[in-house]
Amino acid sequence: MVIRENIKDFNLDHIFDCGQCFRWNKQQNGSYTGIAFGKPVNINFKPYIEGGFEGRLSIDNINEAEFNEHWKTYLDLDKDYGHIKSALAKKDLVLAEAIQSGQGIRILKQEPWETLISFIISQNNNIPRIKKCIEGLCQMFGLPAGSFQERDYFAFPEASVLAQLTENDLAPIKLGYRAKYIIETAKKIVTDNFDSGNKECVDVRLTTLADLRRADIVTGYEYLTSLCGVGPKVANCILLFGMEKYNSFPIDVWVRRVMHRLYHMDESDMKSMTNYASENFGEYGGIAQQYLFYHIRQLEK
DNA sequence: TTCCAGGTGGCAT
DNA sequence: ATGCCACATGGA
């Protein structure tokens with residue numbers, strides 16, 4: 001168990017229920033259990049003041065070394081969201097209001113390979129079903145990651161495993177037409193890794209994609225959109241949620257909705273939406289997008 | 001029954 | 001370069 005005090009601008013529901021991740025589930029006590037870096041973990045947060053956004057963070061089933069290696073950056077704890085929020089809130093009133101409804105949002109730094117496949121699955125799909133599909137993939141093809149809280153957990157399957165599957169193998173998971181995309185993309189990732197000459201690399205999952213994380217946003221976008229099943233929206237999600245490209249601005253049906261209803265833009269004019277984001281939200285456009293996404297979904301409930 | 005969900009590939013202009 | 005449309009699946 002690792003504990004950190006005085007964590008600011010933090011709220012579990014805002015972080016794990018804002019559509020950026022799919023393997024975290026809320027527990028009866030309000031904490032979230034999920035799996036990342038091959039290990040199931042429970043994360044809890046107790047605000048010092050009821051309904052506040054500053055408090056004590058505790059992560060169960062990890063040690064200090066694991067916290068420093070993975071979890072500190074996964075939860076984006078080094079970023080000053082207070083500063084970002086006050087800067088973004090000055091941009092316009094719609095965004096200021098959106099920030100109010102999602103004050104504890106943080107952009108997770110997720111594993112690129114898992115983020116890639118997860119967002120291929122996400123297309124033309126809804127969040128509960130996306131979660132089911134991903135769980136199915138992990139249970140059938142992922143390595144066992146041990147038992148935790150009376151449940152068995154499985155890691156996200158490696159590219160080398162998915163690359164050898166047929167659509168028939170994936171049929172029980174009900175991925176629909178996306179099954180083909182997943183196999184195609186897995187094959188491409190494995191091939192690219194092999195071609196890079198990095199044959200002694202043990203972790204075949206992350207070789208090319210981890211390199212991409214270090215590349216600039218245009219290079220990342222070009223490579224990702226060259227993959228089967230990855231278009232502009234999915235590529236931007238991967239760049240934002242897995243590659244620290246906080247200015248990428250994914251436009252899905254919800255963002256289109258918010259840009260239409262609250263910014264009075266033409267619903268089909270994606271170019272104007274992209275331009276508005278880059279001109280007004282700048283380097284933190286992706287974070288602004290998350291506040292807007294969370295906000296419009298709250299309004300619909 | 002029809003509509004919808006964190007869209008994209010393929011094809012016709 | 002842009003505009004349609006089919007694409008699997010399950011819940012509302």
Side-chain angles (χ1 to χ4, degrees), chain A residues 13-24 98 101-102 105-108 110 112 114-137 140 165-188 221-243 245-262 266-275 277 281 285-301:
Chain A
D13 294 330
H14 294 175
I15 293 166
F16 294 116
D17 189 30
C18 71
Q20 62 174 323
C21 55
F22 305 102
R23 298 202 72 194
W24 291 93
S101 66
I105 286 174
R106 276 168 184 272
I107 306 292
L108 298 175
Q110 302 181 67
E114 175 175 338
T115 310
L116 166 60
I117 299 303
S118 296
F119 279 92
I120 286 177
I121 293 171
S122 80
Q123 64 185 83
N124 203 31
N125 211 341
N126 58 65
I127 292 175
R129 217 174 77 82
I130 296 163
K131 293 178 78 168
K132 280 182 193 169
C133 289
I134 293 171
E135 275 322 296
L137 262 187
M140 277 193 81
L165 300 178
T166 64
E167 286 184 54
N168 210 24
D169 296 325
L170 287 171
I173 300 171
K174 305 293 183 187
L175 292 157
Y177 65 92
R178 307 166 194 86
K180 193 192 314 171
Y181 299 167
I182 291 169
I183 295 167
E184 279 292 304
T185 290
K187 283 179 176 165
K188 183 71 161 56
Y221 184 88
E222 293 299 322
Y223 178 76
L224 291 170
T225 50
S226 79
L227 298 170
C228 183
V230 181
K233 192 277 177 181
V234 169
N236 278 317
C237 283
I238 299 161
L239 289 165
L240 178 59
F241 303 133
M243 298 187 175
K245 300 297 182 285
Y246 301 102
N247 56 333
S248 67
F249 192 80
I251 301 174
D252 71 331
V253 291
W254 293 99
V255 175
R256 282 165 62 172
R257 205 164 282 168
V258 79
M259 296 308 271
H260 175 61
R261 290 190 196 166
L262 303 182
D266 183 340
E267 238 173 333
S268 57
D269 192 358
M270 321 280 260
K271 192 145 283 180
S272 292
M273 296 178 190
T274 304
N275 288 341
F281 307 150
I287 301 178
Q289 186 267 11
Q290 274 311 99
Y291 293 124
L292 293 170
F293 180 87
Y294 189 82
H295 182 52
I296 190 73
R297 283 170 59 89
Q298 289 302 114
L299 291 179
E300 293 278 307
K301 283 180 183 174

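Chain identifiers are assigned alphabetically (A, B, ...) following the order of the sequence lines, protein sequences preceding nucleic acid strands; residue numbering begins at 1 within each chain.
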Exercise. Indicate yes or no: at least one non-hydrogen side-chain atom of A:Phe249 is less than 4.5 angstrom from one of A:Asn236.
Key: no
Exercise. Calculate the interatomic distance between A:Ile127 atom CD1 and C:dG10 atom P; express it in whole Å.
Key: 18 Å
Quiz prompt | Nearest-nucleotide comparison on DNA chain B, the residue closer to the 5′ end among A:Val230 and A:Pro250 | solution = A:Pro250
Self-check item: Position toward the 5' end of DNA chain B (nearest nucleotide), A:Cys228 or A:Phe119
Solution: A:Phe119
Practice problem: Write down the distance between CG (A:Asn125) and C1' (B:dC4), rounded to a whole number of angstrom. | Solution: 11 Å
Practice problem: Among B:dT8, B:dA5, C:dT9, find the nucleotide with the atom closest to the side chain of A:Val234. | Solution: B:dT8
Quiz item: NA contact type, A:Cys21, heavy-atom cut-off 4.0 Å: base, sugar-phosphate, or nothing?
Solution: nothing
Quiz item: What's the CG-P distance between A:Leu116 and B:dG7, to the nearest Å?
Solution: 16 Å
Quiz item: A:Arg257 CZ to B:dC3 P: how many Å, rounded?
Solution: 15 Å
Exercise. Look at the side-chain N and O atoms of A:Lys180 and state whether any lies under 4.0 Å from the OP1 or OP2 oxygen of C:dC7.
Key: no
Practice problem: From the options C:dA8, B:dT8, B:dC4, select the nucleotide whose nearest atom is closest to the side chain of A:Gln123. | Solution: B:dT8
Exercise. With DNA chain C as reference, determine whether A:Lys271 or A:Gly176 sits nearer its 5' end, using the nearest nucleotide of each.
Key: A:Lys271
Quiz item: Taking the P atom of each, how far is C:dA8 from B:dG10, in whole Å?
Solution: 13 Å
Quiz item: Is A:Tyr294 touching bases, backbone alone, or none of the nucleic acid, heavy atoms closer than 4.0 Å?
Solution: nothing
Quiz item: At under 4.0 Å between heavy atoms, what does A:Pro232 touch on the DNA or RNA strands: base, sugar-phosphate, or nothing?
Solution: sugar-phosphate
Quiz prompt | Whole angstrom value for the distance that separates P of B:dA5 from CD1 of A:Ile251 | solution = 16 Å
Exercise. Choose from C:dA8, C:dT9, B:dA5 the nucleotide whose nearest atom is closest to any side-chain atom of A:Arg178.
Key: C:dA8
Practice problem: Pick base, sugar-phosphate or nothing for A:Leu227, based on heavy-atom distances below 4.0 Å to the nucleic acid. | Solution: sugar-phosphate
Quiz item: Counting any heavy atom closer than 4.0 Å, what does A:Gly229 reach on the DNA or RNA strands: base, sugar-phosphate only, or nothing?
Solution: sugar-phosphate
Quiz item: Do A:Leu137 and A:Leu170 have side chains that get closer than 4.5 Å, going by heavy atoms?
Solution: yes
Quiz item: Within this structure, what is the CD1-to-C1' distance between A:Ile121 and C:dG10, rounded to whole angstrom?
Solution: 15 Å
Quiz item: Rounded to the nearest Å, what distance is computed from the CD atom of residue A:Glu184 to the C1' atom of nucleotide B:dG10?
Solution: 14 Å
Quiz prompt | Close side-chain approach of A:Ser118 to A:Arg23, heavy-atom, < 4.5 Å | solution = no
Quiz item: Atom OH of A:Tyr177 to atom C1' of C:dG10: distance rounded to whole Å?
Solution: 14 Å
Self-check item: Side chain of A:Arg129 (C-beta onward), nearest among C:dT9, B:dT8, C:dC7
Solution: C:dT9
Quiz prompt | Residue pair A:Arg256 / A:Met270, side-chain heavy-atom distance below 4.5 Å | solution = yes
Practice problem: Scan A:Arg297 against the nucleic acid and name what it touches under 4.0 Å (heavy atoms): base, sugar-phosphate only, or nothing. | Solution: sugar-phosphate
Quiz item: How would you label the contact of A:Gln290 with the nucleic acid (heavy atoms, under 4.0 Å): base, sugar-phosphate, or nothing?
Solution: base
Quiz item: Considering only heavy atoms from C-beta outward, does the side chain of A:Cys21 approach that of A:Phe241 to under 4.5 Å?
Solution: no
Quiz item: Contact class for A:Val255 (heavy atom, under 4.0 Å): base, sugar-phosphate, or nothing?
Solution: base
Quiz item: Any chance the rings of A:Phe119 and A:Phe22 have centres within less than 6.0 Å?
Solution: yes
Quiz item: Taking the same atom, C1', in C:dG3 and in B:dA5, what whole-Å distance lies between them?
Solution: 22 Å
